[in-house]
> 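The structure that follows is given in the form of structure tokens.
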Amino acid sequence: VKLPTNNSANLTLPIVNLSSSFLLPNQTLTIRANFKPTQALIQDPAGNIFKLKFVKSDGFYISKFRLKKDVVLGNYTVVVDGIVKHFVVDSYSIEAKFNGTAVVGKVHYYFVAPKFVEYVVGNKRRRIEVVNGSFVIPIKGTVLIECGNAKLRINVPKVKEFGFVNESITITTGFKPCVAYVKFGNTTRNLTFKCDNGSCIATFKPKVIGVYAVFVDNVTLNVTIDSYRIDASVNGSTVLGKVSYHFIPPKFVNYTVMP
């Protein structure tokens, strides 16, 4: 098609742009046109029609469309003076738990699969890839997970993995658990947490060696309890000895030379 030439005027093609082709509940879509529209609307997946009003700003005509929290999800159509554009509205939710070594989870979605989740530990924000809706965060600690409009905080209790008989073992959490107990063999003992300034602490004192299972809500942590014995004798100017153990060999011994 050959357009007529007019040297005294410039031909400007009508252009309509959307701020994004993917949105989430509570977000705002911005429609920008390089001309003043006479008829403009948005149609949602349920067939509802929303008329658009444009305001001139910086040489363009702008319209904003705010999505409600309970917005209809799916494919939307924007029509501005016969120019058609499309965008998708989706909503995410996160399901995750601590499996003893890492936080594993899934992001549930309806239309557009997320590529990553962001997580915050302390003051550091990182992101990790989502594969087929699933993710693994290799961390032992409280973590805030975010993806789109979804947020989930996983409070992982802290307890050392190794201790000794008659030593006080401390469990620390950032919340007050609903269910918490220690299990050893067929014996179960409830844990009582005391909370202060956002930190909750409970303790128990193991009486025999073995592996103790600490249950805090939906998280299970194992603590290995051992008992050492030292046998030593003096051989001239040298002390020779041996440390007996049951599970975990010691790396060193402390000694003090007495006067």
Side-chain angles (χ1 to χ4, degrees), residues 15-33 36-58 60-99 103-121 123 125-137 142-156 174-179 198 217-219:
I15 298 175
V16 175
N17 290 323
L18 305 183
S19 57
S20 178
S21 60
F22 172 76
L23 288 99
L24 298 161
N26 286 328
Q27 290 187 335
T28 298
L29 175 72
T30 300
I31 305 102
R32 188 177 75 166
K36 184 177 182 179
T38 57
Q39 290 184 333
L41 59 87
I42 288 179
Q43 182 175 5
D44 71 10
N48 299 309
I49 302 295
F50 305 90
K51 292 184 179 180
L52 298 174
K53 293 183 179 181
F54 284 79
V55 177
K56 191 172 184 180
S57 176
D58 296 328
F60 293 92
Y61 289 87
I62 306 296
S63 181
K64 294 184 180 294
F65 183 69
R66 176 72 176 179
L67 301 176
K68 297 181 179 180
K69 183 179 180 180
D70 57 349
V71 64
V72 178
L73 305 180
N75 295 301
Y76 282 65
T77 301
V78 181
V79 183
V80 181
D81 283 3
I83 299 175
V84 180
K85 298 286 183 176
H86 300 280
F87 66 94
V88 178
V89 177
D90 207 343
S91 183
Y92 293 157
S93 63
I94 301 172
E95 177 186 351
K97 65 179 181 179
F98 181 67
N99 67 358
V103 173
V104 296
K106 278 191 170 185
V107 180
H108 299 285
Y109 62 94
Y110 295 92
F111 302 100
V112 181
K115 296 181 179 180
F116 60 87
V117 297
E118 292 188 330
Y119 65 96
V120 181
V121 178
N123 295 322
R125 177 179 291 270
R126 298 181 177 91
R127 64 171 54 180
I128 198 161
E129 186 181 8
V130 174
V131 180
N132 296 326
S134 300
F135 62 88
V136 178
I137 301 175
T142 298
V143 58
L144 175 64
I145 308 169
E146 299 178 354
C147 185
N149 62 320
K151 291 185 179 182
L152 179 66
R153 182 181 296 275
I154 301 294
N155 291 302
V156 179
F175 62 102
K176 189 170 185 178
C178 297
V179 179
D217 286 344
N218 295 322
V219 177

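Numbers here simply count residues along the sequence, with the first being 1. The figures that follow rest on heavy atoms only: side chains count, while hydrogens, waters and symmetry mates do not. Keep in mind the model is a prediction, meaning the values are calculated, not measured.
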> Ignoring hydrogens, what is the shortest heavy-atom contact between Ala46 and Val72? Give both atom names and the distance.
N-CG1, 4.4 Å
> Would you say Asp217's side chain and Pro177's backbone share a donor-acceptor pair under 3.5 angstrom?
no
> Of all residues at least two apart in sequence or in a different chain, which pass the ring pair (Phe, Tyr, Trp, His ring centres under 6.0 Å) check with Phe50?
Phe65
> Can you confirm whether Asn48 is buried at CG, in the sense that more than 12 heavy atoms of other residues, nucleotides or ligands lie under 6.0 Å from that atom?
yes
> Verify, without hydrogens or angle tests, whether Asp81 (side chain) and Thr38 (backbone) share a donor-acceptor contact under 3.5 angstrom.
yes
> Pair Ile42, Leu29 - check side chain to side chain contact (heavy atoms under 4.5 Å, CB included), show working.
CA-CA 11 Å; Ile42 288 179; Leu29 175 72; 4.2 Å; yes
> Begin from the C-alpha positions of Val55 and Ile62 and carry the test side chain to side chain contact (heavy atoms under 4.5 Å, CB included) through to its verdict.
CA-CA 5 Å; Val55 177; Ile62 306 296; 5.5 Å; no
> Check whether any side-chain heavy atom of Arg66 sits under 4.5 Å from a side-chain heavy atom of Asn26, and report yes or no.
yes
> Is there a donor-acceptor pair under 3.5 Å between the side chain of Arg32 and the backbone N or O of Tyr61?
no
> Could you check whether any side-chain heavy atom of Glu95 comes within less than 4.5 Å of a side-chain heavy atom of His108, counting everything from C-beta outward?
yes
> Counting only N and O atoms by type, is there a donor-acceptor contact under 3.5 Å from the side chain of Asp90 to the main-chain atoms of Phe111?
yes
> If we check side-chain contact (heavy atoms from CB on, under 4.5 Å) with Cys147, which of these qualifies: Ile94, Leu24, Val130?
Ile94
> Are Ile128 and Arg126 close enough, and set up right, to give a side chain to side chain contact (heavy atoms under 4.5 Å, CB included), and what steps lead you there?
CA-CA 7 Å; Ile128 198 161; Arg126 298 181 177 91; over 6 Å; no
> With sequence neighbours left out, what residues match Phe87 under ring pair (Phe, Tyr, Trp, His ring centres under 6.0 Å)?
Tyr76
> To the nearest 0.5 Å, what is the distance between OG1 on Thr77 and CD1 on Ile49?
8.5 Å
> To the closest 0.5 Å, what do you measure between NZ (Lys69) and CD (Gln27)?
14.5 Å
> In this structure, are over 12 heavy atoms from other groups packed under 6.0 Å from Gln43 atom CD?
yes
> Which residues pass the ring pair (Phe, Tyr, Trp, His ring centres under 6.0 Å) test with Phe98, sequence neighbours left out?
none
> Compare all side-chain heavy atoms of Phe60 with those of Asn17 and state whether any distance is below 4.5 angstrom.
no
> Identify the heavy atoms of Lys85 and Leu18 that sit nearest to each other, and give their distance.
CB-CD1, 3.6 Å
> I'd like to know if the side chain of Asn149 reaches the main chain of Tyr92, judged simply by a donor and an acceptor atom lying under 3.5 Å from each other, with no hydrogens or angles considered.
yes
